[in-house]
Undergrad: 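Input: one structure, supplied below.
Note that the structure is predicted; figures quoted are calculated from it, not measured.
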Amino acid sequence: MEVVAESVAGIDVHQKQITVTVLIGEAEVKKPKKVSQRFETITTRLRDCGNWLKDLGVQQVLMESTGQYWRPVWQILEPLGFKMILCNPRIIKNIPGKKTDQKDSEWLSELARYGLVTASYVPPRQIQELRESTRMRKSLTETMTVSKNEIHNILQRSNIKLTTYVSDLFSGTGRAIMAKLENGEVITLQYIKKLIGKKHMKATPEQILASLDGILTRNDRQLLAISMSVLRGLEAQLKVLEAQIDEQVEAFSDLYHRLQDLPGCGKLTAQVIIAEIGVDVSPFPDAHHLASWAGVCPGNYESAGIKHGSRILHGDVYLKTALLTCAMGARLKKESGLKDYYHRLVSHMGAQKALVALAHKILRIIYVMIKDGITYTDYKKSQRIEITLAAKHIG
């Protein structure tokens, strides 16, 4: 194998310490000099590690993306001028029975020396911060859903059928009635009529009042109050986070607004796309590499000359979810080329595969939009036919 780096370091990262193995030797040297050392992961010791690597003349540093433990190591070593490579643990497994921190770091350094590993994509710090914010928003939203489900469960076991007649318990009329239940106040027909006013609702005030005729025990009322308090706290924090994301994405306003020209791509989806991909697609050689990284195209599986069907890869689940959300919106838009593309596929591959294929196509469009700085234009079917005929005529 050809040596691609003559002075490399492999770092096995853990919470409390890192194990570093350095290989130094010219390409002609069959057995390079090996030096190993362990460092604690506190900031001062990581800086000592960086200085030690500089003294040894290390050019390239390779480490696994182990949870969040790699990030402080990366942030301290990267400014020192090393060529940093982050790799997926799934593709660099060591030989079974050879699992120690020392062996792992040696294996990483060997892989770096011979260039046998592909670097994972690490976005710039500004994009990383936006990514952290959008991912926390998703986590907060999921936690809010859990709290809402707990409230629904309390009402159902108390035989309060408010959800049957009020579409949303957590806004407008539903929130006002929930506040009364939480405080143990008596709810009258007159109060409900006043609350509804001239609003158009699917249920009458009498039906809503009848749905509240349940048995809400003291314990359930206390649990309801706790769950509502938790929900209000999450909603307040979500507003703060939304404002922070809006401020962070302002630096990428041009791409942010251009992405919203895509059918099915709203503000939240555009924010997630920028947070996951960034505003520079040069780390990805082409759109197909990006699609593979995102997990919206199937892998290759061939054995004995026979190609077998394969599933899509795990990929970046946050980006994949955003692309599928965009695809679900695009397939419903009238007179859209993306909608026509979806319906051409759905007849012979089924709805789910066609949706993933549409997400794949949208990602390829996004790649070109970012790379070339262009705006997406969606033509009607008749316009696309005219453009195709004109292109054939010119050809």
Undergrad: Rounded to the nearest 0.5 Å, what's the gap from CD1 on I365 to CD1 on I370? Could you check?
TA: 12.0 Å

Undergrad: Among R137, E242, R131, which residue meets the side-chain hydrogen bond (donor to acceptor under 3.5 Å, both in side chains) test with Q271?
TA: R137

Undergrad: Provide the full list of side chain to side chain donor-acceptor pair (under 3.5 Å) pairs with a residue in residues 59-75, sequence neighbours left out, each pair given once.
TA: Q68-R71, R71-Q128, R71-E132, W74-E78

Undergrad: Any chance NZ of K161 has more than 12 other-residue heavy atoms, nucleotides or ligands included, within less than 6.0 Å?
TA: yes

Undergrad: Would you check if the side chain of Q260 reaches a backbone N or O of Y256 as a donor-acceptor pair within less than 3.5 Å?
TA: yes

Undergrad: Which atom pair, heavy atoms only, marks the closest approach of A275 to L130?
TA: CB-CG, 3.8 Å

Undergrad: Roughly how far, to the nearest 0.5 Å, is CD1 of I215 from CG of N159?
TA: 7.5 Å

Undergrad: State yes or no: do V58 and W107 share one hydrophobic cluster built from I, L, V, M, F, W and Y residues joined by side-chain heavy-atom distances below 4.5 Å, directly or via other members?
TA: no

Undergrad: Under the criterion side chain to side chain donor-acceptor pair (under 3.5 Å), I'd like the reasoning laid out for T217 against N219: C-alpha separation, chi angles, the key distance, then a yes or no.
TA: CA-CA 5 Å; T217 65; N219 183 64; 5.2 Å; no

Undergrad: Show the nearest heavy-atom pair for residues S105 and G10, with the distance to one decimal.
TA: CB-O, 3.6 Å

Undergrad: Are a donor atom and an acceptor atom from the side chains of T164 and Q207 found within less than 3.5 Å of each other?
TA: no

Undergrad: Using only atom types and a distance under 3.5 Å, with no angle test, would you say the side chain of R113 pairs donor to acceptor with the backbone of L23?
TA: no

Undergrad: List the atom of G184, the atom of R221, and the distance in Å for their closest heavy-atom pair.
TA: CA-NE, 3.4 Å

Undergrad: Step through it carefully: locate the ring centre of H288, locate the ring centre of Y367, and say whether they are under 6.0 Å apart.
TA: no

Undergrad: Find the distance between CD1 (I24) and NZ (K34) and round it off to the nearest 0.5 Å.
TA: 12.5 Å

Undergrad: Is it possible for you to say whether L46 and L86 belong to one hydrophobic cluster, with membership spreading through side-chain heavy-atom contacts below 4.5 Å?
TA: yes

Undergrad: Who pairs with D168 by side-chain hydrogen bond (donor to acceptor under 3.5 Å, both in side chains), at least two apart in sequence or on another chain?
TA: S171

Undergrad: Please check if the side chain of R47 supplies one atom and the backbone of I76 the other of a donor-acceptor pair under 3.5 Å.
TA: no

Undergrad: Under 3.5 Å, is there a donor-acceptor pair between the side chain of S227 and the main chain of L224?
TA: no

Undergrad: Mark yes when over 12 heavy atoms from residues, nucleotides or ligands other than E185 sit less than 6.0 Å from its CD; otherwise mark no.
TA: yes

Undergrad: Is the closest basic N to carboxylate O distance between D48 and R45 below 4.0 Å?
TA: yes

Undergrad: Checking R331 now: which residues fulfil salt bridge (charged side-chain N to carboxylate O under 4.0 Å, His left out) with it, not counting sequence neighbours?
TA: none

Undergrad: Verify salt bridge (charged side-chain N to carboxylate O under 4.0 Å, His left out) between K239 and E235, making sure each step is shown before the conclusion.
TA: CA-CA 6 Å; K239 287 182 180 179; E235 290 172 340; over 6 Å; no

Undergrad: Under 30°, 30 to 60°, or over 60°: which ring-plane class applies to W52 and F39, parallel, tilted or perpendicular?
TA: tilted

Undergrad: Answer yes when K138 and E276 have at least one side-chain N-carboxylate O distance shorter than 4.0 Å, and no when they do not.
TA: no

Undergrad: Near M136 CE, under 6.0 Å, is it more than 12 heavy atoms from other residues, nucleotides or ligands?
TA: no

Undergrad: Would you say S229's side chain and A225's backbone share a donor-acceptor pair under 3.5 angstrom?
TA: no

Undergrad: Please answer whether the main-chain N or O of I277 pairs with a side-chain N or O of Y121 as donor and acceptor at a distance below 3.5 Å.
TA: yes

Undergrad: Under a 3.5 Å distance rule, please check whether S139 uses its side chain to pair with a backbone N or O of R135 as donor and acceptor.
TA: no

Undergrad: Taking all atoms of both residues into account, what is the closest heavy-atom pair of L358 and L338, and its distance?
TA: CD1-O, 3.6 Å

Undergrad: Which atoms form the tightest heavy-atom contact between L62 and C87, and what is the distance?
TA: CD1-SG, 3.7 Å

Undergrad: Which atom names give the shortest non-hydrogen contact between T269 and C326, and what distance separates them?
TA: CG2-CB, 4.2 Å

Undergrad: How long is the span from the CG atom in D286 to the CZ atom in F284, to the nearest 0.5 Å?
TA: 11.0 Å

Undergrad: Once rounded to the nearest 0.5 Å, what's the spacing between atom CD1 of I273 and atom CZ of F252?
TA: 14.5 Å

Undergrad: Between T134 and Q248, is the side chain to side chain donor-acceptor pair (under 3.5 Å) condition met? List the steps.
TA: CA-CA 10 Å; T134 55; Q248 290 173 326; over 6 Å; no

Undergrad: Should we say atom CZ of R218 is surrounded by more than 12 heavy atoms from elsewhere, each under 6.0 Å from it?
TA: no

Undergrad: Among side-chain atoms of Q102 and D12, is any donor-acceptor pair under 3.5 angstrom?
TA: no

Undergrad: Quick one: does any side-chain atom of D378 pair with a main-chain N or O of G337 as donor and acceptor, under 3.5 Å?
TA: yes

Undergrad: Any side-chain heavy-atom pair from L53 and L80 closer than 4.5 angstrom?
TA: no

Undergrad: Using side chain to side chain contact (heavy atoms under 4.5 Å, CB included), reason through T19 and S36 one step at a time and then give a plain yes or no.
TA: CA-CA 7 Å; T19 303; S36 296; 5.6 Å; no

